[in-house]
Amino acid sequence: MLYADVIIPLGVESFFTYSVPEEYEHSVTVGTLVVVSFVKNKRYTGVVYALHTNPPVGFETKPIERVIEEGFALSASHLKFLLWLSEYYMTPPGEVTRAALPVSMRLESYTSLSLVNGWEEKLADESELSREEREIMGVFRERGEMCMAEVEKLLKRKDVYVAVRALLEKEIIGIKESVDDLFKPKVERWVRWKRKFSSEELDGILDGLKRAKAQYKMLCDWVYYSDEHHVECLPRTEFVQKIGNSVAALKGLCERGVLEVIVREVSRLEVSEEEVGEVHALSEAQEKVLGDILGCYWEKDCVLLQGVTSSGKTEIYIHLIQETLRQGKQVLYLLPEIALTVQIVKRLRRVFGDQVGVYHSGMADSARAEMWRKQNGTNPYPVVLGVRSSVFLPYQRLGLVIVDEEHESSYKQKEPAPRYNGRDAAIMLGKMSGAKILLGSATPSFESYQNALSGKYGFVQLTTRYGEVMMPELLFVDMKEYRRKKMMKGCFTPVLYEEMKRVLENGMQVILFQNRRGYSTYLQCDRCGSILKCKHCDVSMTYYRYRNTLNCHYCGSLRAVPAVCQDCGQGHYVNRTPGTERIEEDVKQYFPEARVARMDLDVISNKAKFRALIDDFESGNLDVLIGTQMVSKGLDFERVKLVGVMDADSLVGFPDFRAEERAYDMLMQVSGRSGRKGERGKVVIQVVDRQNRVYQLVGKEDYHGFYTLLSREREMFNYPPFSRLIQIELRHVDEVVLRNAANELARQMRERLERRVCGPAEPDVSRVRKMYRIQILIKAEQGLSLSKLKIFLKQKCDELAKTPVGKGVRVYFDVDPL
DNA sequence: AGCACGCCGACT
DNA sequence: GTCGGCGTGCTC
């Protein structure tokens, strides 16, 4: 007997063993998608993980019910990749599978119920039934076939199970198990000539239609229309609308054998409408960089390309893609967010036409499934352009992986599991496939930069800007001084105000950037501007107004607010909160003529609103755009001559050891928005802490210096890139139970891991949907075995769950949290 | 993820 | 006294 270990796409640990019926012995292979029954009559699509002949002990096996499709299976390497992801990110394989497969590919059965034939005879007297049972009968008579969920919905209650089961026992209603294959090809009906007719034949047909006026008219119209528009066929709906407007006439013509309706499978995937053009020639600098990258690939699989903004990285990617395609291999081009990169899609399509497949989270599930199948079939897209989830698509001969803007934190998935980083997953996918990997960024992540410096990655820099683009002029303005002199105009310093005035008077545009990451409040000295940090963690502390204390999100330490500033000894701490919609009001007050719009969360999350806003700004219907970090990414507006950063200190003051790295990156990105073409743009950055090292270094455009300075501290405090982090989050409804469990877990882990354990500490949002949360952070220095550490952590958590202190506490792991 | 089993509070 | 709320554990 053959057995298959199957991964069920649920958040359950490990796999389940099923027996393979004889009829499937040859079609079931490792990677096959199979329908299995799991828990009662629920069915799931699982992935075969292993095949063997050892009869399992301790339980009966159920049989595999069906193989989804002959010959359709995940390749061994694809499966291997998914399992790596599962292990690395401490996520059950089922959950990885769930993330990897589009919903319609992991079809789940629903139990369909209906009245059995001849139920009337079985039920002599309806008074035998309970009130609930009669209610259920009522809805069945009305609706016929239904699944459980629908019955509940119609009766607006959740406890129909007992009554339904009673009816089932009485054999009045029956179960109809149907596995609905949701993946049905999308079809369209088209109308065309049944065959080619000569003009004499057509005359003959028309003569025969003298009495069928509608058909006669339809045929004449069609002859005229098809000639006029040079079309041979039309979609049926369009045909009826445009020609004759009579379904009956069409039917008649089909019956006469003049026309026919054909069913065509259509693709749900976007079709490229770009005209395929030439690849731009590279500048001398770009040419050299391309050569350097190719040179690195002789000995290294992964190369970091650091290219300043506007240096033309994309053009280099295009040349690399072209080369890869020439070798008959596939390319994966990863972007942090697809919505903001319409420009790149267009550009790639212009060069590679319909060889480019786009994959993103906004796609309909059926379209995703179609893309999946296409990539697994005989004619896959050679180039896949997509967001992080594109790493889950099947690849057959991957030759190149490009991760653009590799430092972007949106590559990391937070919720739900798997909490993976698209960049790191892509690197692993590339390695497993024997592909070359290119990471691109203007401000690389410290992790990648360190790998480049250490020689683990190849390192290539592109320092010259393409064309005549100039780096904008950066002006740091001290808000503290103007505040003291009472010269602020709302939230604008006189400098920013004057610049805005000048730009707006010239009919040019302004972007105002306001950071809004998280909700925390921090304390800053009103005199020297220094931000209060934790003594143990090198992270700014979060201020809680209601109890007037400071809390570190990393180690959990608490302290009172010092009476005077720790740095200058004279100033006092003031409460700072990243501002909100006030900016818009101030713009309206000081620039009543200006047309202003805000790009905040509700705009970004709505695709239509977002596009409308971008279009308005692009076409000049708006003068001032206020936004969060979204405005800093990937958008090019020619007429923007000024960018104002309202309060840069809120970037630096964020309670995260990466705050400064992010602040630097954001300021660089934001600067890149100003004056991309023509006249040199300006960036006004309003700060309080003028002396902050981040500002000194942004001004100098010295990434390496910035890295060197900050990395010393990272090393001292044992933060990435000098260590790896694993965050353990515990959740429970009871705050006290949770805290006790966390303390106990941390204590036990410390016995072995000692100072590598930080916390427990409260996250910035400590209670979500009635559940309290608490976090323990593990720092693993280089050289410590990560896989052994993970086993240890998991073991400790499992042990805790079994003791009374840990009862009911849920544990979540986040490997390499951001 | 569901769904059953099982234990405690608001009603007949 | 029961009904039914939800917490806990299992599913091949």
Side-chain angles (χ1 to χ4, degrees), chain A residues 1-21 24 28 32-66 86 91-101 103 105-113 130-133 147-153 155-166 168-169 175 177 179 415-418 730-734 737-738 741 769-772 797-812:
Chain A
M1 190 63 165
L2 191 61
Y3 297 95
D5 294 338
V6 177
I7 300 168
I8 311 283
L10 293 175
V12 284
E13 212 47 63
S14 167
F15 52 79
F16 294 84
T17 308
Y18 288 82
S19 53
V20 182
Y24 289 135
V28 172
T32 311
L33 299 188
V34 291
V35 177
V36 291
S37 155
F38 185 71
V39 190
K40 293 274 157 193
N41 283 318
K42 271 276 166 196
R43 286 170 191 188
Y44 293 91
T45 302
V47 181
V48 176
Y49 156 79
L51 288 167
H52 57 86
T53 52
N54 322 319
V57 279
F59 55 85
E60 288 285 304
T61 53
K62 286 183 182 175
I64 282 175
E65 298 194 353
R66 207 175 97 184
S86 153
T91 308
E95 254 175 313
V96 174
T97 314
R98 198 168 43 147
L101 294 172
V103 182
M105 290 188 70
R106 6 174 271 252
L107 66 135
E108 284 166 24
S109 89
Y110 52 90
T111 319
S112 191
L113 304 162
S130 71
R131 191 176 49 88
E132 279 175 88
E133 288 169 24
C147 73
M148 217 55 172
E150 286 173 296
V151 178
E152 286 176 351
K153 217 174 151 188
L155 293 175
K156 293 193 184 74
R157 46 205 276 189
K158 281 192 170 166
D159 49 351
V160 294
Y161 280 87
V162 184
V164 167
R165 212 167 49 190
L168 278 169
E169 270 168 30
I175 290 180
E177 271 294 312
V179 175
E415 217 73 41
L730 307 182
R731 298 182 198 170
H732 196 272
V733 277
D734 189 316
V737 172
L738 181 69
R769 276 183 283 126
K770 283 186 174 176
M771 294 284 266
Y772 283 94
C797 292
D798 288 348
E799 276 174 29
L800 182 83
K802 289 190 189 104
T803 62
V805 225
K807 254 221 167 339
V809 177
R810 301 206 171 254
V811 181
Y812 301 85

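What's counted below: heavy atoms across the whole structure, side chains too, no hydrogens, waters or symmetry copies.
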Show your working on side chain to side chain contact (heavy atoms under 4.5 Å, CB included) between A:Val34 and A:Thr45 and close with a plain yes or no.
-> CA-CA 5 Å; A:Val34 291; A:Thr45 302; over 6 Å; no
Give a yes or no on whether the backbone of A:Thr91 and the side-chain of A:Ser86 come within a donor-acceptor separation of less than 3.5 Å.
-> yes
A:Tyr18 (side chain) donor-acceptor with A:Ser37 (main chain) under 3.5 angstrom = yes
Once you round it to whole Å, what is the distance between P of C:dC12 and CD1 of A:Ile8?
-> 8 Å
Could you check whether A:Phe59 gets within reach of a base, just the sugar-phosphate, or nothing at all, counting any heavy atom under 4.0 Å?
-> base
With a non-hydrogen cut-off below 4.0 angstrom, is A:Thr17 in contact with a base, only sugar-phosphate, or nothing?
-> base
Between P of C:dG7 and CG of A:Asp734, the distance in whole Å | 12 Å
Output all residues satisfying salt bridge (charged side-chain N to carboxylate O under 4.0 Å, His left out) with A:Glu60, sequence neighbours left out; order by chain, then residue number.
-> none
What integer distance in Å separates A:Lys802:NZ from C:dT8:P?
-> 16 Å
What residues, two or more places apart in sequence or in another chain, satisfy ring pair (Phe, Tyr, Trp, His ring centres under 6.0 Å) together with A:Phe15?
-> A:Tyr49
Is it true that A:Glu799 and A:Lys802 have a side-chain N and a carboxylate O under 4.0 angstrom from each other?
-> no
Between CE of A:Met1 and P of C:dC12 the distance, given in whole Å, is 15 Å
N/O to N/O distances under 3.5 Å, protein versus nucleotides 9-11 of chain C:
none

Here the distance between atom C1' of C:dC6 and atom CZ of A:Arg810, to the nearest Å, is 13 Å
